Amino acid sequence: MNLNRKLQLSILEELKNEYPTLYPVQLLSCYDDNKHFHGNIFYLLEHNLIEGEKHYPREKAHQTPVLYTVKITARGLDFIENDGGLRAILEKITIKLDADDLNEILTTFIDNNKEITPNEKSKIRNFIKSASTDGLKIVYKRLINLALDNPKAVADLFQKLLEQST
C-alpha cells in the first residue's frame, strides 16, 4: 500500500462538505474497493483526521477491516483549513531557538536598524560570527534584560521565589 496524499485530501475535502454527518464510504467520489483506498482511509482514521467504526466482513477470509461510514473530525477540519484552528488558540506553543536562529535574528535587527552606522554594523556582525558560544550567551542574556520593561521587578520576583523555596 502506498500513501496517496492526493487521495487523502480528496477524502477529507469531501467529508468536510458533509460535516458533521456520518457519510457512507462507498458514496465518496474517490471510492475504490481495493487495498490502496482502504489503506489510505485507515491511515486518516489512525491519525484522528476522520472517525468511523471498523467492521470485519464475514465473507472475506483474510478479515481485513472496512469502514462503512465516516466523518471528518475537528482535527481533520483544522488540517484542511491549514490555520491551526481552535487548537492554535487554545493550546500553548513552545518555541525553541538555537544559536543560529538567535544570531540570524540579531543580525537582521542590526542590518535593519537605521540608528547604527555601517561601520558599527560591520563590527557587530563580525563579533557575532567570531564570538564563542559562552560569549553569545552573555550577550543574549543581557539583551533579554534590556528588553524587559522593568528588570527590577523580575529580580524581585526571583528573590521572592528563592526565599520561598528555602
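The shown structure was predicted, so the numbers you read here are calculated from the model rather than taken from an experiment.
I80 places a side-chain heavy atom less than 4.5 Å from the side chain of I72. Considering only heavy atoms from C-beta on, T69 stays 4.5 Å or farther from Y23 through its side chain.
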**Study point:** Intermediate values then yes/no, side-chain contact (heavy atoms from CB on, under 4.5 Å), D101 and D98
**Key:** CA-CA 5 Å; D101 294 331; D98 64 18; 3.2 Å; yes
Exercise for review: Determine, stepwise, if the pair V66 / H38 fulfils side-chain contact (heavy atoms from CB on, under 4.5 Å).
Suggested key: CA-CA 7 Å; V66 295; H38 291 290; 4.2 Å; yes
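Both I116 and I105 belong to a single network of hydrophobic side chains, linked directly or stepwise wherever heavy atoms of I, L, V, M, F, W or Y lie under 4.5 Å apart. Linking Ile, Leu, Val, Met, Phe, Trp and Tyr residues whenever their side-chain heavy atoms come within less than 4.5 Å leaves L86 and F79 in two separate clusters. Linking Ile, Leu, Val, Met, Phe, Trp and Tyr whenever their side-chain heavy atoms come within less than 4.5 Å puts L27 and L15 in one cluster. Grouping the Ile, Leu, Val, Met, Phe, Trp and Tyr side chains by contacts below 4.5 angstrom, directly or via other members, places L9 with I41. Residues L22 and V70 do not share a hydrophobic cluster, clusters being chains of Ile/Leu/Val/Met/Phe/Trp/Tyr side chains in contact below 4.5 Å.
Remark: N103 engages I128, L136, Y140 in a side chain to side chain contact (heavy atoms under 4.5 Å, CB included) (not counting sequence neighbours). Judged as a side chain to side chain donor-acceptor pair (under 3.5 Å), and not counting sequence neighbours, N113 has no contacts. Every residue two or more places apart in sequence or in another chain that forms a ring-ring contact (aromatic ring centres under 6.0 Å, His included) with Y31 is listed here: F37.
Applying the salt bridge (charged side-chain N to carboxylate O under 4.0 Å, His left out) test to residues at least two apart or on different chains, the pairs with a partner in residues 1-16 are K16-E81. The salt bridge (charged side-chain N to carboxylate O under 4.0 Å, His left out) pairs that include a residue from residues 103-125 are D111-R125, where partners are two or more places apart or lie in different chains.
Interatomic distance, CG of D32 versus CG of N34, reported as 4.0 Å (0.5 Å rounding). The NZ atom of K35 sits 12.0 Å away from the CG atom of N40 when rounded to the nearest 0.5 Å. Atom CG of D78 and atom OG1 of T73 lie 8.0 Å apart (nearest 0.5 Å). Distance check, rounded to the nearest 0.5 Å: CG of L28 to CG of L67 gives 10.5 Å. Taking OG1 of T21 as the start and NZ of K71 as the end, the distance is 8.5 Å to the nearest 0.5 Å. Distance CG/N4 to SG/C30: 9.0 Å, rounded to 0.5 Å.
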Result block: side-chain N/O donor-acceptor pairs under 3.5 angstrom for residues 42-52, not counting sequence neighbours:
none

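The backbone N or O of N126 sits less than 3.5 Å from a side-chain atom of S130, completing a donor-acceptor pair.
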